[in-house]
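Comments concern the structure below.
We name chains A, B, ... by the order of the sequence lines, and we start the count at 1 in each one. It should be emphasised that the depicted structure is a prediction, and the values quoted were computed from it without experimental measurement. In what follows, every heavy atom counts, from backbone to side chain, and hydrogens, waters and symmetry copies are set aside.
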There are 2 protein chains.
Amino acid sequence: MKRTTSKRLVTISDVAQSAGVSKATAARVLGSYGTASPVVKEKVREAARKLGYQANELARSMTTGKSKTIGVIVGDIENPYFGQAVRGISDAAHAAGFDVILSNSGEDAAKEKAAVRVLLGKRVDGLIVTPASVYETQHLHEVQRSGRPLVLLDRTVPGLAVDAVVTDDRQAAEAATRALIEAGHRRIAYISATESDDPIYRGPHQINLSTVMERIEGVVAASRSAGIEHPERYIRLGANRRGEGDKIISELLQGADRPTAILASDNVVALEVFKTLRRLGMSIPQDLSLIAFHDADWTSVTSPPITVIAQPVYDLGFESARILVRRITGIGDAPRCRVLATTLIKRQSIGAPPELPESRTVLQNTAAKIG
Amino acid sequence: MKRTTSKRLVTISDVAQSAGVSKATAARVLGSYGTASPVVKEKVREAARKLGYQANELARSMTTGKSKTIGVIVGDIENPYFGQAVRGISDAAHAAGFDVILSNSGEDAAKEKAAVRVLLGKRVDGLIVTPASVYETQHLHEVQRSGRPLVLLDRTVPGLAVDAVVTDDRQAAEAATRALIEAGHRRIAYISATESDDPIYRGPHQINLSTVMERIEGVVAASRSAGIEHPERYIRLGANRRGEGDKIISELLQGADRPTAILASDNVVALEVFKTLRRLGMSIPQDLSLIAFHDADWTSVTSPPITVIAQPVYDLGFESARILVRRITGIGDAPRCRVLATTLIKRQSIGAPPELPESRTVLQNTAAKIG
DNA sequence: ATCGTATTTGAGACCGGTCTCACATGTCAA
DNA sequence: TTGACATGTGAGACCGGTCTCAAATACGAT
């Protein structure tokens with residue numbers, strides 16, 4: 001019988017009037033605060049039920065100053081990586097009674113900035129962001145200064161003292177590289193999906209994501225300690241855009257002194273490697289060994305199954321939301337950076353390096369090998 | 001110099017005072033409504049800039065009654081299918097100046113109901129929902145009655161006259177089944193991930209998703225018109241839970257009179273088929289032909305690449321948000337159900353059915369084959 | 001019966017915007 | 001000069017809740 005006539009919604013005053021009490025009393029009952037006698041409580045609840053009352057959370061938020069909502073800005077929800085993370089965030093948030101407003105930055109710092117403004121305008125209680133750039137971060141500093149809790153997800157921003165939840169990318173890259181070196185590889189490529197005009201890596205200034213930098217450092221460190229010289233020459237960037245990945249990979253594999261192993265920064269890149277290889281008539285692991293970041297389900301059903309670096313993506317999201325909620329609730333200890341462990345899952349995409357014709361640099365390499 | 005002291009945020013009154021005008025005038029300038037002289041405009045804007053003013057959208061929404069926010073409830077964001085759809089929604093919404101609040105129902109009607117309450121409480125301007133059940137829909141009817149725009153995504157609810165954007169599942173299933181029949185198959189299984197206590201299909205009462213029902217109808221119709229008797233016997237449900245999928249598939253494939261082809265309701269199920277097959281030492285398409293719903297990237301790199309039914313998932317989301325926005329803006333025509341086309345992408349997972357030992361039902365089947 | 005204290009209730013301010021309306025001022029034609 | 005009308009501005013109500021404060025009532029002890 002609650003024929004809510006699409007006109008105006010039922011307010012607390014309506015309920016109060018119908019129950020024959022004051023607005024304040026009705027609010028106390030319906031808002032579960034203050035005191036009210038059992039008789040009155042029942043009367044009010046009954047009236048509310050009869051009228052189909054539903055609280056206006058906006059009004060509530062305005063007076064209380066809390067919206068019970070957290071804002072989340074990710075690079076791209078379409079990417080299963082973020083999908084899993086968002087699920088983790090969502091689960092943790094809901095468990096704590098918070099809702100989630102989601103925004104997409106498309107890995108664009110300007111859009112990210114706009115999204116921050118909007119979410120702040122909506123008075124979210126806190127923010128979780130995967131910063132699109134380590135350079136353009138004024139807006140994040142502003143959030144911090146405004147005192148609203150902020151948690152960085154998956155990536156850090158140097159000089160910004162807020163909580164962060166990340167995986168140990170440096171170590172993961174190092175372990176993966178070491179695994180390839182142990183299989184006999186000396187020419188190891190790292191192909192990243194990170195935005196870049198120039199596909200050739202020329203130095204840290206090109207990199208605007210902390211994760212990417214860490215991985216590069218990991219690859220280089222492992223290579224160096226195995227005596228491999230100038231490992232940076234096999235690093236490629238910007239393999240994200242459609243078509244670009246194939247170009248980068250095929251040029252790399254057809255060039256002189258080609259790499260015998262590839263470390264792919266994510267699933268999409270790994271997929272590109274697969275496709276390019278098929279087109280080139282090469283196969284894994286005979287002609288090329290492969291390790292990919294992110295243990296997507298499908299990586300175990302390809303032929304051969306791909307060796308991957310498994311990242312606890314769901315946990316990354318869950319943990320970041322948990323931390324954010326604690327901050328909102330008012331835990332005031334110093335911000336920390338939680339580093340979650342990754343696992344190298346060895347499958348069958350690593351083999352011995354193929355015999356390749358001698359090349360200009362081989363002498364140096366073999367010489368170094370002894371050291 | 002906008003040292004926003006984390007205490008209280010700057011309000012429009014603060015700006016008005018600083019600019020030496022009334023609150024009403026400042027609001028007119030900052031809210032872009034009404035009139036104000038150029039001089040005053042500049043003064044107010046300058047004051048706002050100086051103080052770092054940012055509008056409280058909550059307060060704004062409360063008076064205007066519009067929140068410029070749409071609520072989205074999907075089954076599972078972790079699922080790339082919904083990830084893509086959400087991206088489409090998000091893009092269309094932002095383009096029209098709307099934000100998105102996301103909720104997860106986990107395909108549970110009760111949770112969906114709760115999510116609807118919450119979003120309505122937050123006074124979203126409209127809702128996009130992938131209904132978890134065709135039976136428990138009171139909450140959706142209530143949304144409709146309340147007059148707030150509602151768009152159904154991917155699935156319909158019979159008897160609920162609201163806009164919907166779906167793919168033509170019946171036809172897709174029919175086309176896929178026909179492709180298998182043309183390759184010579186007569187024993188075609190449909191394995192669905194839909195929730196069910198009993199993995200064996202016994203009738204429509206078990207099904208609570210419109211898409212699932214349509215697909216079953218498609219499979220059955222195509223089979224029937226090819227003279228295949230009792231095609232329902234190869235339909236299995238509930239392959240979603242971990243472990244359950246493998247069990248269902250292996251029982252099906254090891255049973256007497258086993259199917260020679262499988263139509264998988266989504267990627268996850270297709271993946272399960274792959275894994276189970278590997279465990280059983282069977283291969284595609286020699287021992288079994290496979291078609292899967294949803295053209296995920298990876299389906300093209302398995303060995304063999306999988307024939308899939310490509311669904312325009314992003315468009316599904318984009319279109320639903322576009323329609324919702326139009327409704328919010330006040331287009332009052334009768335609700336419609338948009339049906340987007342699917343494409344059968346033939347790859348290499350379909351082959352001729354293997355020679356199988358005669359079984360109890362073969363006689364009927366071969367007899368029927370002639371018709 | 002009387003007082004002190006605890007509990008219940010209502011009136012009304014408040015949150016930060018929007019919006020209506022009345023008033024002040026400016027412009028132009030008669 | 002005066003009146004008609006457009007334009008700019010301010011005062012204050014309002015949205016729907018919460019919350020403070022004071023008044024009203026109930027209860028127990030003396």
Side-chain angles (χ1 to χ4, degrees), chain A residues 4 7-45 47-48 51-69 117-118 120-125 146, chain B residues 4 7-45 47-48 51-69 117-118 120-125 146:
Chain A
T4 320
K7 302 298 299 176
R8 208 177 53 83
L9 291 169
V10 181
T11 74
I12 214 154
S13 301
D14 300 329
V15 176
Q17 195 171 4
S18 161
V21 298
S22 76
K23 181 183 154 193
T25 300
R28 270 190 285 260
V29 176
L30 267 12
S32 310
Y33 59 92
T35 56
S37 68
V39 202
V40 168
K41 272 184 184 166
E42 192 37 51
K43 263 199 303 186
V44 173
R45 295 223 175 90
L51 298 174
Y53 169 77
Q54 177 156 47
N56 182 337
E57 295 296 337
L58 256 38
R60 189 166 278 172
S61 295
M62 207 169 62
T63 34
T64 58
K66 333 231 113 278
S67 63
K68 278 289 187 181
T69 306
R117 289 197 64 94
V118 170
L120 251 27
K122 286 215 192 293
R123 297 294 187 264
V124 294
D125 292 338
S146 79
Chain B
T4 321
K7 301 300 301 177
R8 208 177 54 83
L9 293 169
V10 180
T11 73
I12 214 154
S13 301
D14 300 329
V15 175
Q17 195 170 4
S18 161
V21 298
S22 75
K23 180 183 155 193
T25 300
R28 270 190 284 260
V29 176
L30 268 11
S32 309
Y33 60 91
T35 57
S37 67
V39 202
V40 169
K41 273 184 183 166
E42 191 38 51
K43 263 200 303 186
V44 172
R45 296 223 174 90
L51 297 174
Y53 168 77
Q54 177 155 46
N56 182 337
E57 295 297 338
L58 256 38
R60 188 166 278 172
S61 295
M62 207 169 62
T63 35
T64 59
K66 334 232 112 276
S67 62
K68 278 290 186 179
T69 306
R117 290 197 63 94
V118 170
L120 250 28
K122 287 216 192 290
R123 296 294 186 265
V124 293
D125 292 338
S146 81

Check: Which atom pair, heavy atoms only, marks the closest approach of A/Ser61 to B/Leu58?
Finding: CB-CD2, 3.5 Å
Next item on the list: Please check the phosphate of C/dT18 (OP1 and OP2 only) for any side-chain N or O of B/Tyr33 closer than 4.0 Å.
Entry: yes
Item checked: Derivation and outcome, side-chain contact (heavy atoms from CB on, under 4.5 Å), residues A/Thr11 and A/Val15 -> CA-CA 7 Å; A/Thr11 74; A/Val15 176; over 6 Å; no
Next item on the list: Would you check if there is a donor-acceptor pair between the side chains of B/Thr69 and A/Lys122 at a distance under 3.5 Å?
Entry: yes
Next item on the list: Sugar-phosphate means primed atoms, P, OP1 and OP2; the rest is base. With that split, encode nucleotides 8-16 of chain D 5' to 3' as B, S or - using protein heavy atoms under 4.0 Å.
Entry: BBBBB--BB
Check: Passes side-chain contact (heavy atoms from CB on, under 4.5 Å), A/Lys23 versus A/Ile12? Steps please.
Finding: CA-CA 6 Å; A/Lys23 181 183 154 193; A/Ile12 214 154; 3.8 Å; yes
Checklist line | A/Gln54 CD to D/dG17 P, straight-line distance once rounded to whole Å | finding: 10 Å
Notebook entry, point to check: Between the main-chain N or O of B/Ala59 and the side-chain N or O of B/Thr63, is there a donor-acceptor pair closer than 3.5 Å?
Noted result: yes
Note to self: Just the rounded figure in Å: distance from P of D/dT18 to NZ of A/Lys68.
What the structure shows: 14 Å
Notebook entry, point to check: Rounded to the nearest Å, what distance is computed from the CG atom of residue B/Leu30 to the C1' atom of nucleotide C/dG17?
Noted result: 11 Å
Item checked: Distance in angstrom units between A/Leu58 CG and C/dT18 P, rounded -> 13 Å
Item checked: Residue of the set A/Lys43, A/Lys41, A/Glu42 for which side chain to side chain contact (heavy atoms under 4.5 Å, CB included) holds with A/Val29 -> A/Lys41
